[in-house]
Amino acid sequence: MDIEKKVRQTLSKIGLNKNERILVALSGGKDSTVTAYLLKKFDYNIEGFHINLRMGDYSEKCLLAVKRLCKLLEINLHIYDIKKEMGSSMCYLRSAIQSKKSLKNCAICGVIKKWIMNKEVRRLKADKIATGHNLDDEAQTFLMNIFKGSPELSANSGAITRNISDSKFIPRIKPLFYILENDVREYSRDEKLPVVYEKCPCAIDSYRIQVRKFVDGLSSKEKMNIIENMDKMLGKIEKKETKINYCEVCGEPSRNEVCKKCELLKVK
Ligand code: AMP
Ligand code: ZN
């Protein structure tokens, strides 16, 4: 099957080793589910990592799907309960932040999830984090950065994070980087995987949704061209290492003195 062949090619391009311990960030959605399914099918050493965001019914459904998947694949599952660990649900954390700053739901959630992933996956001593980002997601992010006038924000993107080497930063891989979203959806249905197909109830009104509408209107070839050109462009600036600081507040790797998560939560 085409998607399997393409993912194998991506993994070999990344140079992923079968001895490496990979934690797959599982949301319960189709993309991360297919990512774990394929990595397991190809015999990689994977475990699951799920953040329970405690957003009511939706989170319950996601948790159930993730548990089913890990049982099916016979892999370990690590669960991070945001309420237990950070004291509040994502909805509460978000409202607290939004009472002071005008930021969109997805922007806040994305920053907090990334922070948790790096910290926890490092604590669990894994070598890499795998996420379910697909070609459409990546095309959207690349265009969003260009539209905002900051293409350099894409400099670390790729099927594997580029130009960051730091012992506290866990490299992230995206095995579905070259796979169209529609193909991922079709594959997850064909394989009858336990997937929550409904969208996150809080994913409203984000800039990404506007850009997604635009990308959805493009042909498959045009979407692939965006990614191919992004790869070519980024190849040219690949040599520049991103300087990593450690956040003054939490000690996590950060581009600035205070990381984005602490900036949002203003814990200082
Ligand atoms: P999103 O930020 O929702 O677009 O998700 C991008 C990727 O992050 C997904 O494909 C997953 O690999 C990962 N992810 C999203 N939500 C969670 C979650 N609650 N727990 C673990 N990983 C997640
Ligand atoms: Zn911090």
Side-chain angles (χ1 to χ4, degrees), residues 22-39 46-55 58-67 69-70 77-83 85-86 89-91 104-121 124 126 128-138 140-141 144 157 168-170 172-177 179 181 184-185 188 195-196 198-203 206-209 211-212 244-268:
I22 302 156
L23 255 59
V24 186
L26 295 171
S27 62
K30 62 184 187 323
D31 304 298
S32 51
T33 302
V34 167
T35 302
Y37 180 78
L38 288 177
L39 285 170
I46 63 162
E47 291 170 39
F49 177 72
H50 176 66
I51 306 169
N52 184 351
L53 299 166
R54 295 287 202 128
M55 301 192 309
Y58 178 72
S59 290
E60 292 294 317
K61 282 187 210 163
C62 292
L63 179 62
L64 198 67
V66 165
K67 282 185 177 167
L69 177 74
C70 292
L77 171 62
H78 305 270
I79 298 172
Y80 180 98
D81 183 336
I82 200 164
K83 211 164 185 174
E85 307 287 342
M86 298 180 83
S89 68
M90 177 56 78
C91 309
K104 304 275 164 68
N105 287 353
C106 300
I108 297 175
C109 187
V111 165
I112 296 181
K113 280 192 295 197
K114 255 193 197 171
W115 181 86
I116 295 173
M117 272 183 219
N118 190 66
K119 189 168 145 68
E120 284 304 296
V121 171
L124 293 164
K128 293 199 167 67
I129 306 172
T131 61
H133 293 93
N134 60 43
L135 187 144
D136 292 56
D137 296 327
E138 295 302 315
Q140 288 156 19
T141 307
M144 279 162 68
S157 315
K168 288 182 95 176
F169 179 81
I170 310 298
R172 286 196 288 271
I173 61 166
K174 298 171 181 169
L176 305 183
F177 195 84
I179 313 290
E181 175 155 31
V184 180
R185 188 178 297 108
S188 71
V195 165
V196 176
E198 82 194 63
K199 294 231 173 312
C200 170
C202 303
S206 79
Y207 183 46
R208 180 176 292 275
I209 293 177
V211 179
R212 175 176 297 147
I244 289 288
N245 299 306
Y246 295 127
C247 170
E248 276 178 6
V249 182
C250 70
E252 282 297 295
S254 162
R255 286 180 206 239
N256 304 311
E257 282 174 6
V258 175
C259 78
K260 283 194 205 157
K261 170 257 175 195
C262 291
E263 194 57 52
L264 286 180
L265 290 178
K266 276 274 177 241
V267 285
K268 207 179 162 190

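Just follow the structure's listing: the first ligand is 1, and inside any ligand the first atom is 1. No hydrogens, no waters, no symmetry mates; every other heavy atom, side chains included, goes into these values.
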- Message: One pair to check against side-chain hydrogen bond (donor to acceptor under 3.5 Å, both in side chains): E47 and H78. What are the steps and the verdict?
- Response: CA-CA 8 Å; E47 291 170 39; H78 305 270; 2.6 Å; yes
Only heavy atoms of [X], strictly under 4.0 Å: list the atoms of ligand 1 that pass.
X    : result
K113 : 1 (P), 2 (O), 3 (O), 15 (C), 16 (N), 17 (C)
S32  : 10 (O), 11 (C), 12 (O)
F49  : 21 (C)

Are the side chain of [X] and the backbone of [Y] linked by a donor-acceptor contact shorter than 3.5 Å?
X    : Y    : value
D31  : H133 : no
N256 : C259 : no
N118 : I170 : yes

What distance do [X] atom [atom1] and [Y] atom [atom2] have between them, rounded to the nearest 0.5 Å?
X    : Y    : atom1 : atom2 : value
K174 : S32  : NZ    : OG    : 13.5 Å
R54  : L63  : CZ    : CG    : 9.0 Å
F177 : L135 : CZ    : CG    : 7.5 Å
I51  : M117 : CD1   : CE    : 4.5 Å
N105 : C91  : CG    : SG    : 8.5 Å
K104 : R208 : NZ    : CZ    : 13.0 Å

[atom] - nearest protein heavy atom and its distance:
atom                    : answer
atom 21 (C) of ligand 1 : L26 O, 3.1 Å
atom 17 (C) of ligand 1 : S27 CB, 3.5 Å
atom 7 (C) of ligand 1  : H133 CE1, 3.8 Å

- Query: Are V211 and Y207 close enough that some pair of their side-chain heavy atoms sits under 4.5 Å apart?
  - Reply: yes
- Any non-hydrogen protein atom below 4.0 Å of atom 4 (O) of ligand 1? no
Report yes if some N/O of [X] lies less than 3.5 Å from some N/O of ligand 1; otherwise report no.
X    : result
A25  : yes
M117 : no
T131 : no

- Query: Among A36, C200, G132, G28, which one has a heavy atom closest to atom 9 (C) of ligand 1?
  - Reply: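 Among A36, C200, G132, G28, the closest heavy atom to atom 9 (C) of ligand 1 comes from G132.
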- Out of I51, T35, D137, V24, whose heavy atom sits nearest atom 19 (N) of ligand 1? I51
- Message: What I want to find out is whether K168 reaches E252 closely enough, with some N-O distance under 4.0 Å, to be called a salt bridge.
- Response: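 Here K168 does not pair with E252 in a salt bridge, since their nearest N and O are not under 4.0 Å apart.
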- Under 2.8 Å from the Zn ion (ligand 2), which protein N/O/S atoms are there?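 You should have found C247 SG, C250 SG, C259 SG, C262 SG.
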